[in-house]
Amino acid sequence: MKKPNINPTTKYYHKKYPPQHQKYPGLDGDMTPKPDCGEDTYIGHNRLAGRRALITGGDSGIGRAVAIAFAREGADVAISYLPAEQSDADEVRGLIESAGQRAFLIPGDISRESFCKKLITSAAKLMGGIDILVLNAGYQQYSDDIETLDTEQLEKTFAINLFSMFWMTRAAMPILTPGASIITTTSIQAYQPGKSLLDYAASKAAIMAFTKALAKQLAPKGIRVNGVAPGPIWTALQVAGGRATNTIPRFGMDTPIGRAGQPAELAGVYVLLASDESSYTTAEIYGVTGGDHTM
């Protein structure tokens with residue numbers, strides 16, 4: 001029986017969003033509407049059976065959607081998150097376990113090198129190894145003027161978004177084996193930077209270069225490295241200082257598809273890049289942008 005075609009412009013929420021603001025880092029559970037991370041829709045096909053995945057920022061947004069998808073594809077999943085995000089993380093643990101997989105919650109601050117090292121060793125010990133490393137957690141705070149963009153924010157943006165990737169990948173090298181997959185999260189901001197996201201866009205452009213260079217280093221070891229570049233996706237990042245509150249209502253409406261994306265719409269790309277189906281794919285950046293192309 002043929003499945004009906006679904007119009008992508010109306011498949012997910014496509015109205016104006018209510019104005020809202022949360023203190024950083026924000027919670028999915030407090031957003032209106034709550035982001036769709038595939039809780040009720042993602043169906044697995046055993047593509048990651050027996051794999052062990054570590055996902056940073058796995059409590060909410062894109063990381064949450066990836067954690068749900070990976071578990072339903074048969075992987076055990078460890079997630080990192082900030083202690084303030086515990087309620088979201090607890091929900092994700094329940095979703096992973098309801099899929100019949102092991103869930104491990106490791107709270108901490110990835111802007112600190114010491115925690116990044118601890119995160120890798122703890123996840124590997126808890127799961128018996130790491131096969132998939134999803135470097136997803138990010139920090140975004142809008143600022144319209146370089147003169148008011150202070151050094152503290154600049155350093156925090158790069159520590160969370162970029163430096164943590166160096167620290168975790170370096171710590172993971174003795175653990176990863178041929179066939180492992182590393183997936184980074186960059187952004188359309190790496191290609192089409194907005195004037196209010198100077199530090200964030202710069203860090204995401206650096207992640208793109210990091211991903212491609214690392215892929216070339218690790219290809220001879222049989223480890224693939226790819227990235228995903230989301231466009232405007234409805235996550236707590238947006239309502240916790242990532243953009244001005246007065247821009248929230250029309251968030252994503254200027255894309256060719258005419259709406260913001262939902263985290264669930266990215267999960268399949270991460271599954272593909274983690275699976276053996278993409279065994280000849282490395283050093284690539286996959287755009288999921290609603291039509292605002294990345295190249």
Side-chain angles (χ1 to χ4, degrees), residues 8 47-48 53-58 61-63 65-67 69-70 110 131-140 157-158 160-169 172 176 179-194 197-235 237-238 242 252 255-257 260-295:
R47 286 182 285 182
L48 301 177
L54 170 60
I55 304 168
T56 65
I62 295 169
V66 174
F70 280 12
I110 64 168
D131 304 299
I132 307 163
L133 179 59
V134 179
L135 303 172
N136 165 76
Y139 178 70
Q140 175 184 322
T157 299
F158 272 80
I160 294 173
N161 295 357
L162 180 64
F163 299 163
S164 66
M165 292 189 179
F166 279 92
W167 298 329
M168 284 185 277
T169 302
L176 300 177
S181 175
I182 299 173
I183 308 170
T184 66
T185 301
T186 176
S187 171
I188 194 171
Q189 289 290 323
Y191 301 86
Q192 299 183 36
L197 296 173
L198 183 61
D199 54 329
Y200 178 81
S203 72
K204 290 296 180 174
I207 290 170
M208 180 178 65
F210 169 81
T211 301
K212 294 183 176 184
L214 182 65
K216 293 172 183 178
Q217 277 195 16
L218 301 189
K221 299 178 183 291
I223 299 170
R224 296 180 299 107
V225 187
N226 294 285
V228 179
I233 308 298
W234 184 238
T235 70
L237 201 69
Q238 306 302 331
T255 64
I257 283 185
Q262 293 293 324
E265 297 180 276
L266 290 100
V269 174
Y270 286 85
V271 170
L272 171 66
L273 293 175
S275 75
D276 292 333
E277 295 174 25
S278 59
S279 57
Y280 199 57
T281 302
T282 196
E284 291 292 342
I285 307 292
Y286 275 59
V288 185
T289 65
D292 281 339
H293 53 82
T294 55
M295 294 294 288

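The first residue of the sequence shown is numbered 1, and numbering continues consecutively from there.
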**Student:** Which pair of non-hydrogen atoms, one from P232 and one from T255, has the smallest distance, and what is that distance?
**Tutor:**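 Heavy-atom minimum between the residues: CG-CG2, 3.5 Å.
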**Student:** For G231 and I188, work out which heavy atoms get closest and say how close.
**Tutor:**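 Closest approach of G231 to I188, heavy atoms only: CA-CG2, 3.7 Å.
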**Student:** To the nearest 0.5 Å, tell me how far L218 CG sits from I223 CD1.
**Tutor:**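 One finds 5.5 Å between CG of L218 and CD1 of I223.
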**Student:** Taking all non-hydrogen atoms of both residues into account, name the closest pair between E265 and G261 and its distance.
**Tutor:**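 Minimum heavy-atom contact is OE1-CA, 3.4 Å.
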**Student:** Given the side-chain rings of F166 and F210, with only the six-membered ring counted for Trp, is the space between their centroids under 6.0 Å?
**Tutor:**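 Ring centroids of F166 and F210 are less than 6.0 Å from each other.
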**Student:** Are any non-hydrogen side-chain atoms of Q189 and Q140 less than 4.5 angstrom apart?
**Tutor:**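 Q189 vs Q140: side chains apart.
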**Student:** Between the side chain of S164 and the main-chain N/O of N161, is any donor-acceptor distance below 3.5 Å?
**Tutor:**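 Judged by distance alone, no pair lies under 3.5 Å.
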**Student:** For the residue pair I132 and F70, what are the closest heavy atoms and their distance?
**Tutor:**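 Result for this residue pair: CG2-CE2, 3.7 Å.
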**Student:** Quick check: do T185 and Y270 have side-chain heavy atoms less than 4.5 Å from each other?
**Tutor:**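 SC-SC contact between T185 and Y270 confirmed.
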**Student:** Return yes if some donor-acceptor pair links the side-chain N/O of S278 with the main-chain N/O of L272 below 3.5 Å, else return no.
**Tutor:**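 Confirmed, S278 side chain pairs with L272 backbone.
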**Student:** Indicate the atoms forming the closest heavy-atom contact of K212 with A283, along with that distance.
**Tutor:**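 Residues K212 and A283, closest heavy atoms: CG-O, 3.7 Å.
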**Student:** Do I285 and T211 have side chains that get closer than 4.5 Å, going by heavy atoms?
**Tutor:**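 A side-chain contact under 4.5 Å exists here.
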**Student:** Do the non-hydrogen side-chain atoms of L135 and L133 ever get within less than 4.5 Å of each other?
**Tutor:**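 SC-SC contact between L135 and L133 confirmed.
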**Student:** Assess the residue pair S187 and Y200 against the criterion (side chain to side chain contact (heavy atoms under 4.5 Å, CB included)); give the C-alpha distance rounded to whole Å, side-chain angles, the decisive distance to 0.1 Å, and a yes or no.
**Tutor:** CA-CA 9 Å; S187 171; Y200 178 81; 4.0 Å; yes
**Student:** So how far is it from I62 CD1 to Q262 CD, rounded to the nearest 0.5 Å?
**Tutor:**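 Between atom CD1 of I62 and atom CD of Q262 there are 10.5 Å.
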**Student:** Side chains of T281 and R224 only: does a donor on one sit below 3.5 Å from an acceptor on the other?
**Tutor:**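 No, no side-chain donor-acceptor contact under 3.5 Å.
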**Student:** Within the structure provided, determine whether T56 and V134 are in side-chain contact (heavy-atom separation under 4.5 Å).
**Tutor:**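 No, too far: nothing below the 4.5 Å cut-off.
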**Student:** Shortest non-hydrogen contact from P263 to A65?
**Tutor:**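 Smallest interatomic distance, heavy atoms only, reads O-CB, 3.5 Å.
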**Student:** Just so I know, are the side chains of T184 and V228 near enough to count as touching, which here means a heavy-atom distance under 4.5 Å?
**Tutor:**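 No. Closest side-chain heavy atoms not under 4.5 Å.
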**Student:** For a 4.5 angstrom cut-off between non-hydrogen side-chain atoms, does L266 reach V66?
**Tutor:**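 The answer is no; the side chains never approach within 4.5 Å.
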**Student:** Let me confirm one number: the CG-OG distance from N226 to S181, rounded to the nearest 0.5 Å.
**Tutor:**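 It is 6.5 Å, given to the nearest 0.5 Å.
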**Student:** Could you measure the distance from the OG1 atom of T235 to the CD1 atom of I233? Nearest 0.5 Å is fine.
**Tutor:**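 Separation between the atoms: 8.0 Å.
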**Student:** Calculate, to the nearest 0.5 Å, the distance between atoms CG and CD1 belonging to L273 and I182 respectively.
**Tutor:**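 L273 atom CG to I182 atom CD1 measures 12.5 Å (nearest 0.5 Å).
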**Student:** What distance separates Q192 CD from T289 OG1, expressed to the nearest 0.5 Å?
**Tutor:**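 Going from CD on Q192 over to OG1 on T289, the span is 7.5 Å.
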**Student:** Answer yes or no: is there a side-chain heavy-atom contact under 4.5 Å between D292 and Y191?
**Tutor:**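 They are not in side-chain contact.
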